[in-house]
Asks: 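Sharing a structure below in structure tokens format, with a few things to ask.
None of these values were measured; they are calculated from a predicted model. Note on naming: letters A, B, ... go to the chains in the order of the sequence lines (proteins, then strands), and numbering restarts at 1 for each one.
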2 protein chains.
Amino acid sequence: MGGKKYVSEHPIFSVTADLVVLTIRAGRLCVLLVRRGGEPFRGALALPGGFVEEDEDLVTAAHRELEEEAGVGPDDVELEQLATYGDPDRDPRGRVVTVAWVVLAAEVPEPTAGSDAAEAMWLPVDEVLDGRHGPLAFDHRVILSDGLERARAKIEYTGLAAAFCRREFTVGELRRVYEAVWGGGRELDPANFQRKVLGIEGFLKPTGNMRRDGRGRPSRTYTADRAARLMPPMTRP
Amino acid sequence: MGGKKYVSEHPIFSVTADLVVLTIRAGRLCVLLVRRGGEPFRGALALPGGFVEEDEDLVTAAHRELEEEAGVGPDDVELEQLATYGDPDRDPRGRVVTVAWVVLAAEVPEPTAGSDAAEAMWLPVDEVLDGRHGPLAFDHRVILSDGLERARAKIEYTGLAAAFCRREFTVGELRRVYEAVWGGGRELDPANFQRKVLGIEGFLKPTGNMRRDGRGRPSRTYTADRAARLMPPMTRP
DNA sequence: GCAAAAGTGTTGAGAGTACACCCATGT
DNA sequence: ACATGGGTGTACTCTCAACACTTTTGC
């Protein structure tokens, strides 16, 4: 971004894509954050993101930032538009409107590997939201909060919880996804959970394989069967 | 918008607010559309909307356009952000990103009254979507389609169906709202509907008044009791 | 009286919940 | 043997849909 200038007769907006990338690590729901290296908010934590380029579609920009900042390719990831934030004062550098996206990630490539940002890290969302790691830059706390609520609602009536798992997964792994995302330390009854998910048409497709995890009886594995809408939905306790 | 120019070092975007304004007329779900007077898409139908101004919040811009193009003030209307559309080719005039909003309106001021647009009209959404009134400008068909689905989903688990009614309304009027929005000619059982809505905590608040509509037994009236989330939700048949 | 809309009663099917209990593995 | 997690059975509750039936108005 050197000498190139742009001129317009309408008020000028810059448009950015910001990402709420969620994953599960050690049973806890975590979000990908970067430490800002420049002003404004130097040193504060922020959501990964960046400017949308000329002739670039919004969803393409989101995927590009995801690749650049987290090293996650366009496959094996669920990316959904969250909302757009455009308060005139949200960025001290000028009029910047940001389109925010929610990303549900399964594989956890250690973030610094292949990353653009000097410091990228996974932090538990509850710790971030209660301020334990300091305030977030810009209005990113609101965006994170909205993204979290979106993810919580979305896994109720879609099969997207499977996006947090590896391609092939067990019912127990899926249950721990629901427990982590819905939070609150609530545990779901394994017996009822099993019957419920297997009873939902088009949610899970058996692979015929088994998985031995060391302790306990081996379990059957499944892949996601992409039904757009779960009928009946999963219900938050 | 005359000689004023703007300069930037980032790619230039213009930002617009487009509105999917829904209401119920004669038992049918209708959307507010304007006939375009200028290029591009001259003569085609389009969603009402316009450019977001400098130093104007996004939601403020949406409310302003709603006032200008439909004569609807900020009170007695439900306005919710839908999504943002930014394909590089969606507007032949340049790089225009639009933030779309869904508006649920109760009062139906005849649109041309107090309106900016030369021609504004209410048309049944099903007729518009099946192309009976010609193609919509830009990507407005997709936006309308998304907005419709949002409204259908939203009245399941929030009390927003009441936003389609006058301040004081009957259970029968509310039932006809659900029938019109969910569409498909399905009729809901009046008896079960009554028990269901009255059983939802915080949905309806009795006024103590009655309404005589000419035919049939008079009915009690209610006002919305703004519970954020209906528990249990209404279920689409 | 008759039609139309509001509102109540009743009943049977299905879904969710709690919890007992069996199965298959590692240590 | 026993702990651990997978998986099945069962019984109770609650909700929902269907539909018969009563109430109160206008014509």
Side-chain angles (χ1 to χ4, degrees), chain A residues 24 26-27 155-157 165-166 168-180 182 184 186-223 227 229-237, chain B residues 26-27 155-157 165 168-180 182 184-223 229-237:
Chain A
I24 308 224
I155 64 172
E156 287 189 58
Y157 56 93
C165 300
R166 290 167 285 178
E168 203 167 314
F169 56 90
T170 70
V171 171
E173 289 168 355
L174 189 65
R175 174 167 44 81
R176 283 181 283 275
V177 166
Y178 278 95
E179 288 170 346
W182 283 339
R186 290 288 306 248
E187 295 188 0
L188 304 172
D189 184 312
N192 294 329
F193 184 87
Q194 178 117 212
R195 247 189 313 262
K196 173 132 198 190
V197 294
L198 294 180
I200 297 176
E201 177 95 18
F203 190 3
L204 300 186
K205 180 162 39 180
T207 62
N209 302 333
M210 303 288 278
R211 170 170 301 159
R212 277 161 300 284
D213 262 340
R215 50 193 175 287
R217 168 173 167 179
S219 53
R220 294 167 232 192
T221 65
Y222 302 84
T223 56
R229 208 178 166 79
L230 300 186
M231 278 292 281
M234 306 292 297
T235 43
R236 233 186 293 195
Chain B
I155 64 172
E156 284 189 58
Y157 57 93
C165 300
E168 202 166 314
F169 55 89
T170 70
V171 172
E173 288 167 357
L174 188 65
R175 174 167 44 82
R176 282 180 284 276
V177 166
Y178 277 94
E179 288 170 345
W182 281 341
R186 290 286 307 249
E187 294 188 1
L188 304 173
D189 185 312
N192 294 330
F193 184 86
Q194 178 119 209
R195 248 190 312 262
K196 175 135 196 188
V197 296
L198 294 181
I200 297 175
E201 177 97 16
F203 190 5
L204 300 186
K205 181 160 39 179
T207 63
N209 302 334
M210 302 289 277
R211 170 171 300 159
R212 276 162 299 285
D213 261 339
R215 49 192 175 287
R217 167 173 167 179
S219 53
R220 296 168 230 190
T221 65
Y222 302 85
T223 56
R229 207 179 167 82
L230 299 186
M231 278 293 282
M234 305 293 295
T235 43
R236 235 189 289 197

Asks: Considering only residues two or more places apart or on different chains, which pairs with a residue in residues 185-205 of chain B satisfy ring-ring contact (aromatic ring centres under 6.0 Å, His included)?
Replies: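 Every pair satisfying ring-ring contact (aromatic ring centres under 6.0 Å, His included) with a residue in residues 185-205 of chain B: B:Y178-B:F193.
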Asks: Distance from B:I200 atom CD1 to B:R229 atom CZ, nearest 0.5 Å?
Replies: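 Answer for the CD1-CZ pair, B:I200 versus B:R229, is 12.0 Å.
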Asks: Could you tell me how far apart B:Y178 (OH) and D:dA17 (P) are, to the nearest whole angstrom?
Replies: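 Atom-to-atom, B:Y178 to D:dA17, this comes out as 13 Å.
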Asks: Please state how far atom CD in A:E187 lies from atom P in C:dA18, giving the value in whole angstrom units.
Replies: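 To the nearest whole Å, that distance equals 13 Å.
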Asks: Using a 4.0 Å heavy-atom cut-off, does B:R175 contact any base of the nucleic acid, only the sugar-phosphate backbone, or nothing at all?
Replies: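 The answer is sugar-phosphate, as B:R175 gets under 4.0 Å only of primed atoms, P, OP1 or OP2.
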Asks: Whole angstrom is fine here: how far is it from CZ in B:R176 over to P in C:dA4?
Replies: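 Interatomic distance, CZ of B:R176 to P of C:dA4: 14 Å.
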Asks: Within this structure, what is the OG1-CG distance for the pair A:T235 and A:L230, rounded to the nearest 0.5 Å?
Replies: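 CG of A:L230 is found 11.0 Å from OG1 of A:T235.
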Asks: Starting at CZ of B:F193 and ending at P of D:dA18, how long is that distance when rounded to a whole Å?
Replies: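 It is 15 Å, rounded to the nearest whole Å.
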Asks: Tell me: CD of A:E173 to P of D:dG5, nearest whole Å?
Replies: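 The distance from CD of A:E173 to P of D:dG5 comes to 13 Å, rounded to the nearest Å.
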Asks: Would you mind reading off the bend of the helix from C:dG1-D:dC27 to C:dT27-D:dA1 from its two end axes, five pairs each, to 10 degrees?
Replies: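 Answer for the end axes of this duplex: 0°.
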Asks: Would you kindly give the CG-to-C1' distance between A:L188 and C:dC19, to the nearest whole Å?
Replies: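 Rounded to the whole Å, the gap is 16 Å.
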Asks: Run the numbers on B:S219 and B:V171 for side chain to side chain contact (heavy atoms under 4.5 Å, CB included), then give the verdict.
Replies: CA-CA 8 Å; B:S219 53; B:V171 172; over 6 Å; no
Asks: Quick one: CD on A:Q194 to OG1 on A:T170, what's the gap to the nearest 0.5 Å?
Replies: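 One finds 9.0 Å between CD of A:Q194 and OG1 of A:T170.
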Asks: About how many Å separate CD1 of B:I155 and CH2 of B:W182, when rounded to the nearest 0.5 Å?
Replies: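 Output value for this atom pair is 5.0 Å.
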Asks: Rounded to whole Å, please give me the gap between CG in A:D213 and C1' in D:dG7.
Replies: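 Going from CG in A:D213 over to C1' in D:dG7 covers 16 Å.
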Asks: Taking everything shown except B:M210 itself, do over 12 heavy atoms lie less than 6.0 Å from its CE?
Replies: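 More than 12 heavy atoms, drawn from other residues, nucleotides or ligands, come within 6.0 Å of this atom.
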Asks: Which pairs count as salt bridge (charged side-chain N to carboxylate O under 4.0 Å, His left out) when at least one residue sits in residues 187-200 of chain A, sequence neighbours excluded?
Replies: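 Counting only pairs at least two positions apart or across chains, no salt bridge (charged side-chain N to carboxylate O under 4.0 Å, His left out) contact touches residues 187-200 of chain A.
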Asks: Please, which pairs that meet salt bridge (charged side-chain N to carboxylate O under 4.0 Å, His left out) have at least one residue in residues 199-221 of chain A, sequence neighbours excluded?
Replies: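 Checked against salt bridge (charged side-chain N to carboxylate O under 4.0 Å, His left out) - neighbours excluded - the pairs reaching residues 199-221 of chain A are A:E173-A:R211, A:K205-A:D225.
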Asks: Return the value, rounded to whole Å, for the distance between atom CZ of A:R236 and atom C1' of C:dT17.
Replies: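 It works out to 19 Å between those atoms.
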Asks: Please give me the minimum heavy-atom distance between A:G27 and A:A180, naming the atom from each residue.
Replies: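 Minimum heavy-atom separation between A:G27 and A:A180: O-CB, 3.4 Å.
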Asks: Summarise protein proximity over nucleotides 22-27 of chain D in one line of letters, 5' to 3': B for base, S for sugar-phosphate only, - for none, counting protein heavy atoms closer than 4.0 Å.
Replies: -BBBS-
Asks: Give a yes or no answer on whether the side chain of A:T221 reaches the backbone of A:T207 with a donor-acceptor pair at less than 3.5 Å.
Replies: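 Side chain of A:T221 to backbone of A:T207: no pair is present.
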Asks: What is the per-nucleotide protein-contact pattern of nucleotides 8-16 of chain C, from the 5' end, where B denotes a base atom under 4.0 Å from a protein heavy atom, S denotes such proximity for sugar-phosphate atoms only, and - denotes neither?
Replies: BBB-----S
